[in-house]
2 protein chains.
Amino acid sequence: MRHNAGMLELAILGFLHDAPLHGYELRKRITALTGHVKPVAESTLYPAIKRLEKAGLLARETRPGAGAAPRHVLTLTAEGRAELRRRLADPAEGDITDENRWFTLLSFLRHLDDPARQAAVLERRLAFLRRPSSFFYEGDRPLRAEEVEDPFRRGVLTIARATSQAELSWLRRTLDALRTGDGT
Amino acid sequence: MRHNAGMLELAILGFLHDAPLHGYELRKRITALTGHVKPVAESTLYPAIKRLEKAGLLARETRPGAGAAPRHVLTLTAEGRAELRRRLADPAEGDITDENRWFTLLSFLRHLDDPARQAAVLERRLAFLRRPSSFFYEGDRPLRAEEVEDPFRRGVLTIARATSQAELSWLRRTLDALRTGDGT
DNA sequence: GCGCAATACCTCCGTAACGATGTATTGTCC
DNA sequence: GGACAATACATCGTTACGGAGGTATTGCGC
């Protein structure tokens with residue numbers, strides 16, 4: 001079973017772990033989560049629900065539906081909950097490196113009910129952020145913002161560095177908290 | 001002619017605007033630009049080159065190739081340069097809202113040889129960043145980091161805010177510079 | 001009583017993207 | 001001399017995604 005992309009699938013599993021929902025409501029929640037960056041089309045959501053249902057990760061129960069068409073209320077199965085935890089505990093490399101996917105993963109990481117495993121995931125992100133890398137190179141040497149003349153490219157580096165620094169300090173604080181075992 | 005996704009295509013056009021390159025070298029440059037976030041598969045690049053060639057945006061010239069297979073040196077046509085400028089001047093909404101796509105766009109925005117048009121693009125990003133939005137809501141009200149208990153979700157908001165602030169200040173500085181017309 | 005938005009689901013079709021694999025050559029390490 | 005990485009391109013099969021459209025109901029404004 002591959003678990004390469006499917007941020008959408010992760011979001012579905014994550015939201016359904018909180019409470020059973022029907023597709024339309026699920027769509028609204030996913031739109032709230034990631035819609036300002038990248039909207040979810042219904043023609044992407046419904047096939048994804050079917051995939052997960054066919055894989056036995058969620059169950060469907062038809063109910064009379066207030067307002068219009070009958071609702072298909074979706075509930076995570078035991079396998080679905082297990083799969084969610086597997087995806088959270090052992091994310092693909094792209095889930096670590098791509099900010100959009102990383103944010104989605106973080107949004108549901110609390111469902112991984114084990115501080116040590118949560119910390120291990122944060123460590124992977126920490127390792128990624130510490131790897132020296134840039135968007136622009138001179139030969140093999142990554143260029144710093146100050147060395148780039150183009151103001152737009154300089155902007156990319158300036159913004160990326162600010163993000164990186166904010167995230168590094170958050171990661172260190174949170175890892176400390178996870179290790180000392182408090183809930184703050 | 002639609003210009004919805006295709007960050008890959010934009011990167012190809014952008015790099016070739018600087019200099020003619022063969023596919024393999026193009027791949028290395030694209031990998032340097034966005035590879036740390038999301039690697040480019042060869043099986044994605046070569047079809048993209050063919051698409052652009054078929055659309056008349058680039059021309060191919062076969063040369064003996066140092067080392068191995070013959071190189072196909074790719075050059076932007078006049079239409080290719082025009083198309084690049086069109087995509088830069090009038091980006092799709094997703095190019096503005098998705099950070100990965102936005103960074104790619106910024107990396108080549110200098111090829112849009114008109115400070116007023118460049119400023120107009122930055123204005124769109126500015127407007128997007130100013131729209132009140134969150135990843136998490138209580139009803140319709142966007143939640144601030146302080147209101148979220150889950151430390152991971154709080155992290156998402158903390159990091160996003162830091163990014164947003166860094167980018168807003170960069171945008172304002174750069175817009176000022178574009179309007180007063182200096183090269184700094 | 002007509003249009004329209006919201007609710008709630010669905011399918012078709014085209015394209016984009018990925019992983020796997022293939023082909024062929026040169027240079028390097030051991 | 002044999003394995004292996006790098007150079008350089010390509011195809012194949014599958015999935016993922018998005019736009020456009022379809023169906024059906026309730027309730028609101030005018």
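Labels below follow one simple rule: chain letters A, B, ... track the order of the sequence lines, proteins then strands, and each chain is numbered from 1.
With sequence neighbours excluded, the residues satisfying ring-ring contact (aromatic ring centres under 6.0 Å, His included) with A/H111 are A/H17. The salt bridge (charged side-chain N to carboxylate O under 4.0 Å, His left out) test applied to A/R85 returns no partner, not counting sequence neighbours. Residues passing the salt bridge (charged side-chain N to carboxylate O under 4.0 Å, His left out) test with B/R173, sequence neighbours excluded: none. Scanning for ring-ring contact (aromatic ring centres under 6.0 Å, His included) contacts around B/F103 gives A/F135, with sequence neighbours left out. B/F15 meets the ring-ring contact (aromatic ring centres under 6.0 Å, His included) test with B/F108; sequence neighbours excluded. Partners of B/T174 by side chain to side chain donor-acceptor pair (under 3.5 Å), not counting sequence neighbours, listed by chain and number: B/W170. Partners of A/E146 by salt bridge (charged side-chain N to carboxylate O under 4.0 Å, His left out), not counting sequence neighbours, listed by chain and number: A/R144, A/R161.
Contact check, A/R60 against C/dA8: no side-chain N or O comes under 4.0 Å of OP1 or OP2. A/H72 has no side-chain polar atom (N or O) that falls below the 4.0 Å cut-off from OP1 or OP2 of C/dA8. In this model, the phosphate group of D/dT7 is approached by a side-chain N or O of B/Y24 to a distance below 4.0 Å at OP1 or OP2. Here A/R51 does not reach the OP1 or OP2 of D/dT15: none of its side-chain N or O atoms lies under 4.0 Å away.
The pair A/E53-A/K50 does not count as a salt bridge, with every side-chain nitrogen at least 4.0 angstrom from each carboxylate oxygen.
As rounded to whole Å, 15 Å separates atom C1' of C/dT7 from atom CG of A/L21. Here D/dA6 presents its P atom at 15 Å from CD of B/E25, a figure rounded to the nearest Å. Summarising the geometry, the separation between CG on A/L52 and P on D/dT15 is reported as 14 Å, rounded to the nearest angstrom. Counting to the nearest Å, the P atom of C/dC9 and the CD1 atom of A/I49 are 8 Å from each other. Rounding to whole angstrom units, CD of residue A/E9 and P of D/dT15 are separated by 12 Å. Regarding B/H22, its NE2 atom lies at a distance of 15 Å from the C1' atom of C/dT25, rounded to whole Å.
Among residue pairs with one or both ends in residues 114-129 of chain B, those qualifying as salt bridge (charged side-chain N to carboxylate O under 4.0 Å, His left out) are B/E93-B/R124, B/D114-B/R117, B/E123-B/R179, B/R125-B/E167; sequence neighbours excluded. Counting only residues at least two apart or on different chains, the salt bridge (charged side-chain N to carboxylate O under 4.0 Å, His left out) pairs with a member in residues 7-22 of chain B are B/E9-B/R51, B/E9-B/R87, B/D18-B/R110.
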Using the 3.5 Å cut-off, write out each protein N or O paired with an N or O of nucleotides 11-14 of chain C and the distance between them.
from, atom 1, to, atom 2, distance (Å)
C/dT11, OP1, A/K50, NZ, 2.9
C/dT11, OP2, A/K50, NZ, 2.6

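Each of A/L106, A/D95, A/T34 was evaluated against A/R101; a single residue qualifies, A/D95, per the side-chain contact (heavy atoms from CB on, under 4.5 Å) test.
In the region residues 28-38 of chain B, proximity to DNA chain D at under 4.0 angstrom, judged on heavy atoms, holds for B/K28.
From one end of the helix from C/dG1-D/dC30 to C/dC30-D/dG1 to the other, with five pairs defining each end axis, the axis direction shifts by 30° (rounded to 10°).
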